[in-house]
Amino acid sequence: MNIKQILAEKVSAAMVAAGLPEDTNPAISLSNRPQFGDYQANGVMGAAKKLKTNPRELATNVVEQLDLSGIASKVELAGPGFINIHLDEAWLTVQLNQVAKDDFTGVTQRGVNANDDAKTVVVDYSAPNLAKEMHVGHLRSTIIGDAVVRALEFRGDKVIRQNHMGDWGTQFGMLIAHLSDKLAGNEVAETALADLENFYREAKIRFDNEEGFADRARADVVKLQSGDEACAKLWQQFIDISITHSEEIYEKLNVSLKRSDIMGESAYNDDLSTVIDELMAKKIAVEDQGAKVVFIDEMANKDGEPSVFIVQKSGGGFLYATTDLSACRYRSGKLAADRIIIFTDARQALHFKQVEIVARKAGFLPENVGYQHCPFGMMMGDDGKPFKTRTGGTIKLAELLDEAVVRASALIKEKNPEISDDDLALISKKVGIGAVKFADLSKNRTSDYIFNWKTMLSFEGATAPYLQYAYSRIQSIFSKAGIKPSTLKNDVTINIIEPQEKALALKILQLEDTIDAVISECTPNLLCNYLYELASLYMTFYEACPILKEDISDDVKTSRLALCQVVSDTLKQGLDILGIEVMDRM
RNA sequence: GCCUUUGUAGCUCAGUUGGAUAGAGCAAGCGCCUCCUAAGCGCUAGGUCGGAAGUUCGAAUCUUCUCAAAGGCGCCA
């Protein structure tokens with residue numbers, strides 16, 4: 001169910017009938033003022049400009065050809081060529097009632113319509129460095145990626161998650177050398193690695209100061225990479241425990257990543273020399289100053305100097321450029337991806353642009369496979385500088401999340417002193433984590449954003465608690481009415497009476513449109529905006545339209561209860577895509 | 001030096017491929033609980049969209065220049 005798409009098809013047909021080319025964009029958008037109707041089509045003006053004709057006359061022709069019978073109650077021509085569309089309330093009512101009965105709250109599944117097949121989408125996100133604990137810098141990739149993944153799946157695409165964990169590289173030599181000594185001292189790996197930050201720090205101190213240790217560490221890297229069994233065993237132990245740390249975070253964050261989604265850097269190790277051989281054989285890469293590099297003319301600067309992309313170090317070692325090229329081939333080949341999406345911070349934008357160009361040249365990434373690097377900004381403190389602890393250290397993600405729950409708990413207790421300890425624990429977890437996630441997800445992906453406890457947990461305005469509150473208010477009505485929401489699904493017809501109900505209906509019918517925008521641009525903030533608007537319209541409806549009051553007729557009562565039911569489903573479903581949980585009471 | 005991103009109300013942010021009078025939330029001010037959860041609702045105020053020029057019926061959005069911030073640019077990832 002996508003109103004915008006239905007209107008786009010109708011207006012397009014009218015445009016063609018009026019003599020415009022087939023690919024003319026009808027440019028349907030929501031009207032920004034009630035007197036301009038519900039939707040407007042602005043495409044005629046652009047088209048008239050291209051054809052150098054009078055926009056008003058052209059628009060008149062299009063409107064004459066436009067058949068919206070049954071859908072619109074009024075179509076008006078305004079200004080230089082705006083076509084304002086007032087939707088027919090009867091039509092809206094029919095659509096709304098269909099959505100009310102639908103398990104996917106009106107979102108069409110891929111494959112149902114022609115030209116809308118399910119795609120295989122590979123999504124690379126989270127990707128923490130296993131040498132250390134996850135810190136706040138990993139939050140955005142993890143939750144933005146997960147939200148997009150869930151949106152894709154909800155729409156019906158086949159998603160293959162790829163957690164490209166940093167589990168390989170020189171620092172692991174130092175770590176396994178240190179671990180080896182700890183185990184020799186009769187320590188158990190789990191205890192030695194209980195605090196990864198400490199462990200890393202200890203190893204680093206030894207590496208920098210202790211005589212002979214650095215040499216051992218370097219030797220261990222070489223041994224590890226050449227397949228030495230003892231080193232591999234130590235490495236595996238380290239990796240396993242570090243992954244367990246990450247899994248705890250995913251669990252806390254309600255993120256859908258599983259161990260089976262891990263495809264770490266080490267997994268590409270055996271393929272790297274092949275990648276280089278192919279690049280050399282195809283004369284894409286050349287030797288320069290001892291290293292193997294690709295000179296990318298497509299990205300030359302004004303003076304014609306090509307961009308440089310190193311794929312193998314002069315000593316023969318490989319870099320993350322090599323790994324990412326190998327990943328391109330694996331994903332488009334073995335995984336048969338139609339589309340590849342990568343979530344990393346914006347600093348890597350240049351790198352991924354280079355990877356794509358080289359991979360396409362080398363044939364690792366066929367023409368028809370989409371490749372999308374989705375960068376995001378950093379998390380800043382109140383002072384606008386990178387978010388750090390008071391002493392300047394990185395903030396562990398686990399600690400941040402714990403603090404969110406503690407803060408939520410204090411606030412809930414204050415609002416609701418009689419709450420039981422069990423309820424408090426459960427609700428503060430959902431509210432605290434939800435608040436952190438929503439604050440992040442609701443911001444535009446590309447810019448840096450300021451992390452602030454106060455605004456995200458204020459419980460006022462556009463926050464997760466506001467949405468959760470709207471949801472629990474609805475549940476409260478059901479419980480007060482003694483009605484199981486599921487019983488409303490089939491027998492009840494919703495009627496639109498008040499303007500607040502119409503506004504709500506219109507918003508409900510925009511879910512698919514919103515999801516599609518989230519999917520194509522990888523921007524969950526659009527879904528956040530949508531859900532906030534939905535919740536806000538519900539609150540307005542709640543104040544204006546009594547449901548369980550004595551003077552409300554049974555018909556109106558059941559109609560409104562059913563409307564509540566659709567809003568409740570939509571909110572729950574939308575928040576679920578964001579990985580935010582709801583509760584019946586708060 | 002070159003490249004990328006960002007700059008919108010006091011603060012935090014939206015703003016769909018150029019569309020009509022630039023929108024929310026917080027903070028500020030004023031109202032609304034004998035009534036389904038006031039973690040709420042309604043109203044008021046707040047802006048030369050960093051600056052300048054250009055493109056056109058029409059610019060926060062496109063082009064050029066400029067100012068400011070952040071980041072990247074040959075052997076880390």
Side-chain angles (χ1 to χ4, degrees), chain A residues 4 25 27-33 35-36 40 42-43 45-46 48-49 55-56 78-82 84 127 129 166 168-171 265 288-293 299 301-303 305 307-315 317 319-321 323-324 344-351 353 375 377-378 380 384-386 411-412 415-416 431 439 442-444 446-450 452 454-456 458-463 465-466 468-470 472-481 513 517 521 525-526 528-529 532-533 536 539-540 542-544 546-550 552 560 564 585-586:
Chain A
K4 206 167 153 181
N25 186 349
I28 309 289
S29 65
L30 284 166
S31 299
N32 48 8
R33 238 158 261 280
Q35 67 264 34
F36 300 149
Q40 56 183 164
N42 303 334
M45 290 175 284
K49 190 175 203 167
R56 182 83 195 192
F82 296 103
N84 293 333
N129 180 356
W168 206 240
T170 45
Q171 52 201 339
E265 290 173 340
D288 191 84
Q289 294 173 35
K292 304 225 168 58
V293 307
M299 293 176 64
N301 65 13
K302 280 177 190 165
D303 301 328
E305 290 162 356
S307 168
V308 178
F309 187 59
I310 302 179
V311 292
Q312 188 174 18
K313 295 198 267 190
S314 52
L319 300 108
Y320 82 137
T323 312
D324 282 327
T344 78
D345 69 272
R347 287 175 300 190
Q348 299 184 42
L350 174 64
H351 166 75
K353 211 175 271 178
M378 288 202 293
M380 306 300 221
K385 293 187 181 136
L411 284 165
I412 292 162
K415 299 267 184 201
N416 188 358
V431 168
S442 61
K443 262 99 185 165
N444 184 316
T446 50
S447 44
D448 292 342
Y449 88 98
I450 301 199
N452 184 299
K454 207 170 155 250
T455 50
M456 79 177 69
S458 71
F459 295 6
E460 279 162 19
T463 60
Y466 178 89
Q468 289 164 325
Y469 179 57
S472 64
R473 263 188 152 179
I474 301 175
Q475 309 320 307
S476 166
I477 289 177
F478 290 138
S479 81
K480 192 140 257 172
D513 191 19
E521 301 304 314
N525 69 309
L526 298 177
C528 294
N529 293 348
Y532 175 70
E533 283 163 11
S536 181
M539 294 288 198
T540 305
Y542 181 95
E543 300 282 337
I547 300 164
L548 304 179
K549 302 292 164 64
E550 278 176 16
I552 299 300
R560 286 184 179 161
C564 285
R585 278 176 303 145
M586 69 184 281

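Below, each value reflects all heavy atoms present in this structure, side chains not excepted, and no hydrogens, waters or symmetry copies.
- Across all strands, A/P80 comes closer than 4.0 Å to base atoms (heavy-atom distances).
- Between the side chain of A/R33 and the base of B/U21, at least one donor-acceptor pair of N or O atoms lies under 3.5 Å.
- B/G18 sits 15 Å from B/G54 when the C1' atoms are compared, rounded to a whole Å.
- Under the 4.5 Å side-chain criterion, counting only non-hydrogen atoms from C-beta, A/Y542 is in contact with A/I477.
- Counting non-hydrogen atoms under 4.0 angstrom, A/A27 reaches a base of the nucleic acid.
- Residue A/Q289 is in base contact, counting any heavy-atom pair closer than 4.0 Å across all strands shown.
- With both pairing distances under 3.5 Å, B/A9 is matched to nothing as a Watson-Crick or G-U wobble pair.
- In a base pair of the Watson-Crick type (N1 to N3 plus N6-O4 or O6-N4) or a G-U wobble (N1-O2 and O6-N3), with each distance short of 3.5 Å, B/A14 is matched with no nucleotide.
- When atom types are taken as modelled, the side chain of A/K292 and the backbone of A/D288 share no donor-acceptor pair closer than 3.5 angstrom.
- If you take CG on A/D513 and NZ on A/K4, they are separated by 4.5 Å, rounding to the nearest 0.5 Å.
- Take the nearest nucleotide of RNA chain B for A/Q35 and for A/E265: the residue whose nucleotide is more 5' is A/Q35.
- Considering only side-chain N and O atoms, A/Y466 lies nowhere under 4.0 angstrom from the phosphate OP1 or OP2 of B/A24.
- Rounded to whole Å, the distance from CZ on A/R347 to P on B/C76 is 17 Å.
- Within 4.0 Å (heavy atoms only), A/A78 reaches at least one base atom of the nucleic acid.
- Scanning all heavy atoms of the two residues, the minimum distance from A/S31 to A/Q40 falls at OG-N, 3.5 Å.
- Checked by distance alone, A/Y320 brings a side-chain donor or acceptor within 3.5 Å of a matching partner on the base of B/A77.
- As judged by a 4.0 angstrom heavy-atom cut-off over every strand, A/K454 is placed among residues making no nucleic acid contact.
- Of the candidate nucleotides B/U4, B/A38, B/A14, B/A38 has the atom nearest to the side chain of A/Y542.
- Relative to the side chain of A/F36, the nucleotides B/A20, B/A24, B/U37 differ in distance, and B/A20 lies closest.
- Within the 4.0 angstrom heavy-atom criterion, base atoms lie near A/Q40.
- Here, B/A22 and B/U64 have their P atoms 27 Å apart, quoted to the whole Å.
- In this structure, the ring of A/F82 has its center no less than 6.0 angstrom from the ring center of A/F36.
- A/S314 comes within 4.0 angstrom of a nucleotide base, judged by non-hydrogen atoms across all strands.
- A syn orientation is assigned to B/C33, its glycosidic angle lying within 90° of 0.
- Across all strands shown, B/C43 forms a Watson-Crick or G-U wobble pair, both distances under 3.5 Å, with B/G29.
- Separating the NZ atom of A/K385 from the C1' atom of B/A69 is a distance of 12 Å, rounded to the nearest angstrom.
- When distances run from any side-chain atom of A/K443 to the nucleotides B/U16, B/U12, B/U4, the shortest one goes to B/U12.
- The base of B/A20 lies close enough to the side chain of A/N84 for a donor and an acceptor atom to sit less than 3.5 Å apart.
- Pairing for B/G1 goes to B/C73, judged as Watson-Crick or G-U wobble with the two contacts each under 3.5 Å.
- Across all strands, A/L411 comes closer than 4.0 Å to no nucleic acid atom at all (heavy-atom distances).
- Straight-line distance from the NZ atom of A/K415 to the C1' atom of B/G40: 10 Å, rounded to whole Å.
- Atom-to-atom, CG of A/D448 to P of B/C11 comes out at 17 Å; the value is rounded to the nearest Å.
- Comparing the P positions of B/G50 and B/C11 gives an interatomic distance of 14 Å, to the nearest angstrom.
- The side chain of A/L350 approaches B/G72 more closely than any other nucleotide in the set B/G25, B/U12, B/G72.
- Atom NZ of A/K313 and atom CD1 of A/I310 lie 10.0 Å apart (nearest 0.5 Å).
- For B/G23, the OP1/OP2 oxygens have no side-chain nitrogen or oxygen of A/N32 closer than 4.0 Å.
- Here A/M45 lies in heavy-atom contact (under 4.0 Å) with a base.
- Looking at heavy-atom distances under 4.0 Å, A/D288 makes contact with a base.
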Assess the residue pair A/Y449 and A/M380 against the criterion (side-chain contact (heavy atoms from CB on, under 4.5 Å)); give the C-alpha distance rounded to whole Å, side-chain angles, the decisive distance to 0.1 Å, and a yes or no.
CA-CA 6 Å; A/Y449 88 98; A/M380 306 300 221; over 6 Å; no
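- Taking the six-membered ring where the residue is Trp, A/H351 and A/Y320 present parallel rings, their angle staying beneath 30° rather than reaching 60°.
- Between B/A39 and A/R473, no contact under 4.0 Å exists linking OP1 or OP2 to a side-chain N or O.
- For the pair A/Y449 OH and B/A70 P, the interatomic distance rounds to 20 Å; values are reported in whole Å.
- Once rounded to the nearest 0.5 Å, the distance linking SG of A/C564 with CD of A/Q475 reads 9.5 Å.
- Residue-level contact check: A/G315 touches neither bases nor backbone, having no heavy atom under 4.0 Å from any strand.
- Stacking of A/F82 onto the six-membered ring of B/G19 is not present when judged by under 5.5 angstrom between centres and under 30° between planes.
- A/N25 comes within 4.0 angstrom of a nucleotide base, judged by non-hydrogen atoms across all strands.
- One interatomic measurement links the two molecules: CE of A/M586 to C1' of B/A38, which rounds to 13 Å at whole-angstrom precision.
- Between B/G15 and A/N444, a contact under 4.0 Å exists linking OP1 or OP2 to a side-chain N or O.
- Look at A/T540 and you'll find a side-chain N or O under 4.0 angstrom from OP1 or OP2 of B/G42.
- Side-chain to base pairing of A/S472 with B/U37: one donor and one acceptor N or O lie within less than 3.5 Å of each other.
- Within 4.0 Å (heavy atoms only), A/F309 reaches no atom of the nucleic acid at all.
- Within the nucleic acid shown, A/I547 comes within 4.0 Å of at least one base atom, counting heavy atoms only.
- Distance CG (A/N129) to P (B/C76): 15 Å, rounded to an integer number of Å.
- Rounded to whole angstrom, the span from the CE atom of A/M378 across to the C1' atom of B/A69 amounts to 11 Å.
- Using modelled atom types, no side-chain atom of A/D303 and backbone atom of A/E305 make a donor-acceptor pair closer than 3.5 Å.
- Checked by distance alone, A/N452 brings no side-chain donor or acceptor within 3.5 Å of a matching partner on the base of B/U12.
- Across all strands shown, B/U63 pairs with B/A53; the Watson-Crick or G-U wobble distances both stay below 3.5 Å.
- For B/G71, its base never sits under 3.5 Å from the side chain of A/D345 at any donor and acceptor pair.
- The nearest heavy atom of RNA chain B to A/A462 and to A/Y469 marks one nucleotide each, and the one closer to the 5' end goes with A/A462.
- With distances taken from any side-chain atom of A/N42 to the nucleotides B/A14, B/G19, B/U16, the minimum falls on B/G19.
- Contact annotation: A/K313 side-chain N/O to B/C76 OP1/OP2 distance is under 4.0 Å.
- Applying the 3.5 Å distance criterion, the base of B/G18 shares a donor-acceptor pair with the side chain of A/K49.
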